[in-house]
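Scope of the values below: all heavy atoms of this structure, side chains included, with no hydrogens, waters or symmetry mates. Quick note on labels: first sequence line is chain A, next is B, and so on, each numbered from 1.
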Amino acid sequence: MKLIVNGQTLEAEAQSLAALLAELGYEGDWYATAVNAEFVPGEEREQIRLSDGDRVEILTPRQGG
Amino acid sequence: MGLTVYGTTLSSRLLLGTAQYPSPAVLAEAVKTSGTAVVTVSLRREGAEGGTGAGFWSLVREFGVHVLPNTAGCHTVKEAVTTAKMAREVFRTDWVKLEVIGHHDTLQPDVFGLVEAARILSEEGFSVFPYTTDDLVVAERLIEAGCAVLMPWCAPIGSAKGPIDVDALRALRAHFPDVPLIVDAGLGRPSHAAAVMELGYDGILLNTAVAKAGDPAAMAGAFAKAVEAGHAAFHAGVLEPRDMAVPSTPVIGQAVFS
């Protein structure tokens with residue numbers, strides 16, 4: 001299915017958000033996720049089913065002012 | 001007495017941003033010389049090379065200070081609220097430096113969205129540090145929304161102009177004697193920080209003026225001294241300006257030679 005992950009359109013096999021993170025190589029507890037602008041806590045990623053066209057954001061710590 | 005925000009007493013009144021330093025090593029040195037107890041951070045997409053976020057987060061944890069995540073770059077309530085929730089999970093803190101930007105050129109806060117986002121986040125248990133203007137009514141609304149700290153700008157972010165409306169800052173201080181007031185944004189040099197602290201402000205949040213200095217670590221130290229000096233001066237009672245000269249040496253007992 002086609003997903004928009006961090007602004008990039010890509011083709012993914014994963015059906016759940018947790019599977020998508022694994023598929024894209026995101027490991028560790030320093031990532032936060034949102035699907036279609038809604039925050040998805042880590043413990044809910046398994047339950048979140050992805051649909052064609054979903055917008056996924058995967059964010060990580062960065063410098064800030 | 002230290003600065004107490006949301007029940008946490010901080011050992012320093014200087015809060016430091018972590019962006020724009022020449023290198024992570026220079027950032028680490030600046031954090032050390034600033035003596036800060038709070039650094040601001042953000043959330044962004046991982047770079048193409050990966051590992052950037054993990055490396056930075058590991059560095060920040062080594063500082064051993066409180067972390068204040070921001071919602072920089074958010075232009076809507078929805079973006080800011082979602083970003084705050086994401087930051088709470090990653091950084092494991094309820095603190096959020098709430099920014100809802102209303103104007104691209106001035107990075108002026110959208111104060112209407114700010115109040116709305118502050119209300120939502122306060123109800124969800126966040127400790128909100130709102131980046132706001134020096135507007136008194138907005139400040140009142142933010143407090144009603146649940147904010148127990150206010151962070152007014154003193155000039156646009158990164159402008160280095162220093163306090164451009166001292167009367168407005170003074171009015172905020174007078175109206176909210178018990179609310180911690182931290183000037184966030186617009187400072188260029190240590191004398192600006194001292195001037196704000198002399199008004200009775202509780203703290204200063206800095207980034208560009210330190211990060212873009214020729215020697216960021218030395219500048220961080222200079223700001224730390226200015227913040228302390230201004231704070232001590234406020235409590236010592238600053239002499240108000242007078243229109244006429246007043247001799248400092250006693251007049252009585254002066255010799256008469258003619």
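- Residue contact with chain A, scored on non-hydrogen atoms closer than 4.5 Å, is absent for Ala72(B).
- With a 4.5 angstrom heavy-atom cutoff, Tyr131(B) does not touch chain A via any of its atoms.
- No more than 12 heavy atoms of other residues, nucleotides or ligands sit less than 6.0 Å from atom CD of Gln8(A).
- Using a cut-off of 4.0 Å between Lys/Arg side-chain N and Asp/Glu carboxylate O, Glu44(A) and Lys85(B) are scored as not salt-bridged.
- Closest approach of Gly65(A) and Ala19(B) over heavy atoms only: N-CB, 4.3 Å.
- Atom CD of Gln47(A) is surrounded by more than 12 heavy atoms from other residues, nucleotides or ligands within 6.0 Å.
- Between Arg62(A) and Glu46(B), the closest heavy-atom pair is NH2-CA, 3.8 Å.
- Interface residue Tyr31(A): backbone and side-chain heavy atoms are both found under 4.5 Å from chain B.
- Residues Arg45(A) and Glu89(B) come closest through the heavy atom pair NH2-OE1, 3.5 Å.
- Considering CZ of Arg45(B) and OG1 of Thr60(A), their distance stands at 13.5 Å, rounded to 0.5 Å.
- Per-residue heavy-atom pair counts under 4.5 Å with chain A were compared for Thr52(B), Leu43(B), Thr83(B), and the maximum is reached by Leu43(B).
- Of the atoms belonging to Glu79(B), not a single heavy atom falls under 4.5 Å from chain A.
- Closest approach of Thr82(B) and Glu38(A) over heavy atoms only: CG2-C, 4.3 Å.
- Per-residue counts of heavy-atom pairs under 4.5 Å with chain A were compared for Arg88(B), Glu99(B), Arg92(B); the largest is that of Arg92(B).
- Counted within 6.0 Å of CD on Glu23(A), heavy atoms from surrounding residues, nucleotides or ligands total more than 12; the atom is thus considered enclosed.
- Taking Gly17(B), Gly53(B), Ala84(B), Ser42(B) one by one and counting their heavy-atom pairs under 4.5 Å with chain A, the maximum is reached by Ser42(B).
- The main-chain N or O of Gln63(A) is never found under 3.5 Å from a side-chain atom of Thr18(B) such that the two would form a donor-acceptor pair.
- Ranked by heavy-atom pairs shorter than 4.5 Å toward chain A, the options Ala54(B), Gly158(B), Pro24(B) are led by Ala54(B).
- Heavy atoms of other residues, nucleotides or ligands lying less than 6.0 angstrom from CZ of Phe112(B) number 12 at most.
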Next on the checklist: Walk me through whether Arg44(B) and Leu59(A) qualify under side-chain contact (heavy atoms from CB on, under 4.5 Å).
Outcome noted: CA-CA 5 Å; Arg44(B) 288 292 182 261; Leu59(A) 303 185; 5.6 Å; no
